[in-house]
Asker: 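Structure incoming, see below.
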Amino acid sequence: MVQLYIRDELASVSRPIKELKGFKRITLNPGDSQNVTFKLDPEALSMLDKDMKRLVEAGDFRIMVGASSKDIRLRKILTVK
């Protein structure tokens, strides 16, 4: 299983530390590898503001990929302007 999480580094309202935004179940034999692709669209980065309106705030989002929320193997920052 490959899981994709995001974290809004500085949101105007409280958000979870890790939000699951995608997952794919794959099967690998020992020593095998496989590329997995996720699409992050504006909906995946959106949130409800204090007025309950959906929006995407500018700022940094931490992108995390791993086998589980406790087994994160890749981390990158995505900046929305």
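Since the model is a prediction, treat every value here as computed from it, not as a measurement. All residue numbers refer to positions in the sequence shown, counting from 1.
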Asker: Are the side chain of K18 and the backbone of I6 linked by a donor-acceptor contact shorter than 3.5 Å?
Answerer: no
Asker: Can you name the nearest heavy-atom pair linking A44 to L40, along with the distance?
Answerer: CB-CD2, 3.7 Å
Asker: Would you say K21 and Y5 make side-chain contact, with heavy atoms under 4.5 Å?
Answerer: no
Asker: With distance as the sole criterion, is a donor-acceptor pair present between the side chains of S12 and E57 under 3.5 Å?
Answerer: yes
Asker: Does anything in residues 35-48 form a side-chain hydrogen bond (donor to acceptor under 3.5 Å, both in side chains)? List the pairs, not counting sequence neighbours.
Answerer: S46-R54
Asker: What are the two closest heavy atoms between F38 and F23, and how far apart are they?
Answerer: CE2-N, 3.6 Å
Asker: Would a 4.5 Å heavy-atom cut-off, applied to side chains only, mark M64 and R7 as touching?
Answerer: yes
Asker: Flag the pair I63 / I77 as yes when at least one side-chain heavy-atom distance between them is below 4.5 Å, and no otherwise.
Answerer: no
Asker: Considering only residues two or more places apart or on different chains, which pairs with a residue in residues 60-74 satisfy salt bridge (Lys or Arg N to Asp or Glu O under 4.0 Å)?
Answerer: E9-R62, D71-R73
Asker: Go through the steps to decide whether I72 and V65 satisfy the test side chain to side chain contact (heavy atoms under 4.5 Å, CB included), and finish with yes or no.
Answerer: CA-CA 6 Å; I72 300 298; V65 179; over 6 Å; no
Asker: For the residue pair V36 and L4, establish whether any side-chain heavy-atom pair is separated by less than 4.5 Å.
Answerer: no
Asker: Same cluster or not: are L74 and F61 linked, directly or through other Ile, Leu, Val, Met, Phe, Trp or Tyr residues, by side-chain heavy atoms under 4.5 angstrom apart?
Answerer: yes
Asker: Taking the side chain as everything from C-beta on, heavy atoms only, tell me whether L20 gets closer than 4.5 Å to Q3.
Answerer: yes
Asker: So with a 6.0 Å cut-off around CD1 of I17, is the heavy-atom count from everything else above 12?
Answerer: no
Asker: Any side-chain to backbone donor/acceptor pair from K24 onto V2? Under 3.5 Å, distance only.
Answerer: no
Asker: Which atoms form the tightest heavy-atom contact between M47 and D8, and what is the distance?
Answerer: SD-OD2, 4.4 Å
Asker: Donor-acceptor pair, D49 side chain versus D51 backbone, under 3.5 Å?
Answerer: yes
